[in-house]
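To start, the structure itself, in C-alpha cells.
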Amino acid sequence: MADRAEHISDATADAVGKLSEALEYVERARGHLYSFHQLIGHADLVLGEAADALRADGHSDLADMLDVEIVGRNVIDGRWTFQVVEEFDDTYWTPFRQAEKRARDELMDGVRHLHEARMKEQRRTHGHPDHTEKP
C-alpha cells in the first residue's frame with residue numbers, strides 16, 4: 001500500500017472518509033428522489049388513462065374532475081417532480097459533491113477511499129489468493 005498516500009494521517013483519512021460516507025448517503029437519497037420522480041410521472045400518465053376510460057364509459061363528471069384536479073397537478077407548490085429533482089441537484093447535491101472533492105483534493109491528494117484502502121490492508125490475509133491488495 002506504499003502508493004496510498006502514507007503521509008496523510010489516519011485522523012485526516014478518517015475524517016474525509018466520514019465526509020465521503022455522508023456523500024454516499026446523499027447519493028442514495030438522490031436515487032430515491034429520482035424513483036419518486038419516475039413513480040409520480042408514471043402515476044400521472046396512468047391517471048390520465050383512467051380518466052379517459054371513465055369518460056369513454058359515460059362517467060364524464062368524474063373524468064373531468066380527475067383531469068382538472070389531479071392530472072398534471074404540482075406535487076409541491078409550483079413544482080412538478082422534475083423541478084424538485086433539478087432544484088435538489090442545483091441547491092444541495094452539486095455543492096455537496098464539490099465540497100467532498102475539494103476536501104479530497106486538498107487533504108488526500110485526490111485519493112478516494114483512503115480510509116477503506118487502509119482498512120482493507122489491515123483486514124486482508126496477506127498471501128491468500130482471495131485477499132490480494134489489487135486486482
Side-chain angles (χ1 to χ4, degrees):
M1 195 181 87
D3 62 339
R4 293 298 287 193
E6 289 182 356
H7 64 283
I8 298 169
S9 74
D10 286 341
T12 296
D14 293 349
V16 176
K18 289 280 185 195
L19 175 58
S20 296
E21 180 182 3
L23 177 59
E24 290 173 6
Y25 276 94
V26 170
E27 294 288 0
R28 289 179 60 197
R30 183 174 183 256
H32 289 292
L33 186 58
Y34 271 83
S35 293
F36 172 74
H37 162 60
Q38 292 175 338
L39 289 168
I40 293 296
H42 184 76
D44 191 68
L45 293 173
V46 173
L47 177 61
E49 293 171 2
D52 292 345
L54 287 168
R55 186 173 290 103
D57 201 39
H59 306 286
S60 295
D61 287 347
L62 185 56
D64 290 345
M65 183 275 299
L66 290 172
D67 276 338
V68 170
E69 295 297 327
I70 308 297
V71 172
R73 187 182 187 102
N74 293 330
V75 296
I76 295 175
D77 191 27
R79 292 174 183 82
W80 272 22
T81 57
F82 78 90
Q83 293 166 307
V84 173
V85 167
E86 288 176 354
E87 191 168 331
F88 173 81
D89 281 356
D90 294 345
T91 303
Y92 192 78
W93 178 71
T94 297
F96 199 129
R97 286 176 43 101
Q98 291 168 340
E100 190 269 347
K101 184 175 184 327
R102 178 179 172 185
R104 276 190 293 108
D105 289 347
E106 290 182 14
L107 302 175
M108 311 291 284
D109 299 333
V111 174
R112 291 182 291 171
H113 297 104
L114 181 59
H115 172 79
E116 290 88 342
R118 288 179 176 176
M119 184 187 308
K120 177 182 178 179
E121 187 62 21
Q122 291 171 353
R123 296 178 62 86
R124 73 185 184 92
T125 302
H126 292 258
H128 189 290
D130 293 326
H131 290 236
T132 57
E133 180 183 1
K134 296 178 181 177

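Below, each value reflects all heavy atoms present in this structure, side chains not excepted, and no hydrogens, waters or symmetry copies. Predicted, not measured: the structure shown is a model, and the values here were computed from it.
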Exercise. Keeping the roles fixed (side chain from His131, backbone from Thr125), state whether a donor-acceptor pair exists under 3.5 Å.
Key: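 Yes, His131 side chain to Thr125 backbone: donor-acceptor pair under 3.5 Å.
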Exercise. Verify, without hydrogens or angle tests, whether Arg79 (side chain) and Asp77 (backbone) share a donor-acceptor contact under 3.5 angstrom.
Key: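 Looks like yes, one N/O pair under 3.5 Å.
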Quiz item: Between Lys120 and Glu133, does at least one N-O distance fall below 4.0 Å, as a salt bridge requires?
Solution: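 No.
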Self-check item: Short N-O contact, Arg55 and Asp64, less than 4.0 angstrom
Solution: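 Judged by the 4.0 Å cut-off on N to carboxylate O distance, Arg55 and Asp64 do form a salt bridge.
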Exercise. Measure up the Tyr92 and Phe88 rings against each other and bin them: parallel (under 30°), tilted (30 to 60°), perpendicular (over 60°).
Key: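 Tilted, since the angle between the ring planes falls between 30° and 60°.
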Rounded distance [0.5 Å steps], [atom1] in [X] versus [atom2] in [Y]:
{"X": "Leu19", "Y": "His115", "atom1": "CG", "atom2": "NE2", "value": "13.0 Å"}
{"X": "Ser20", "Y": "His113", "atom1": "OG", "atom2": "NE2", "value": "6.0 Å"}
{"X": "Asn74", "Y": "Gln83", "atom1": "CG", "atom2": "CD", "value": "7.0 Å"}
{"X": "His59", "Y": "Met65", "atom1": "NE2", "atom2": "CE", "value": "13.0 Å"}
{"X": "Thr12", "Y": "Glu106", "atom1": "OG1", "atom2": "CD", "value": "12.0 Å"}
{"X": "Leu62", "Y": "Asp67", "atom1": "CG", "atom2": "CG", "value": "10.0 Å"}

Would a hydrophobic clustering, with Ile, Leu, Val, Met, Phe, Trp and Tyr connected at side-chain separations under 4.5 Å, put [X] with [Y]?
{"X": "Val68", "Y": "Val71", "result": "no"}
{"X": "Leu33", "Y": "Val75", "result": "yes"}
{"X": "Tyr34", "Y": "Ile40", "result": "yes"}

Quiz prompt | Worked verdict on Asp89 versus Arg30 for salt bridge (charged side-chain N to carboxylate O under 4.0 Å, His left out) | solution = CA-CA 8 Å; Asp89 281 356; Arg30 183 174 183 256; 2.7 Å; yes
When you look at [atom1] of [X], are more than 12 heavy atoms from neighbouring residues, nucleotides or ligands closer to it than 6.0 Å?
{"X": "Trp93", "atom1": "CH2", "answer": "yes"}
{"X": "His42", "atom1": "NE2", "answer": "no"}
{"X": "Arg102", "atom1": "CZ", "answer": "no"}

Exercise. Show your reasoning for whether side chain to side chain contact (heavy atoms under 4.5 Å, CB included) applies to Ile70 and Leu47.
Key: CA-CA 8 Å; Ile70 308 297; Leu47 177 61; 3.1 Å; yes
Which heavy atom of [X] sits nearest to which heavy atom of [Y], and what is that distance?
{"X": "Glu121", "Y": "Arg124", "result": "OE1-NE, 3.0 Å"}
{"X": "Ala13", "Y": "Arg118", "result": "CB-NH1, 3.7 Å"}
{"X": "Gly72", "Y": "Trp80", "result": "O-NE1, 2.8 Å"}
{"X": "Ala51", "Y": "Ala63", "result": "O-CB, 3.2 Å"}
{"X": "Met108", "Y": "Ile8", "result": "CA-CD1, 3.3 Å"}

Exercise. Kindly indicate whether the side chain of Val84, heavy atoms from C-beta on, has any atom under 4.5 Å from the side chain of Ile76.
Key: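 A side-chain contact under 4.5 Å exists here.
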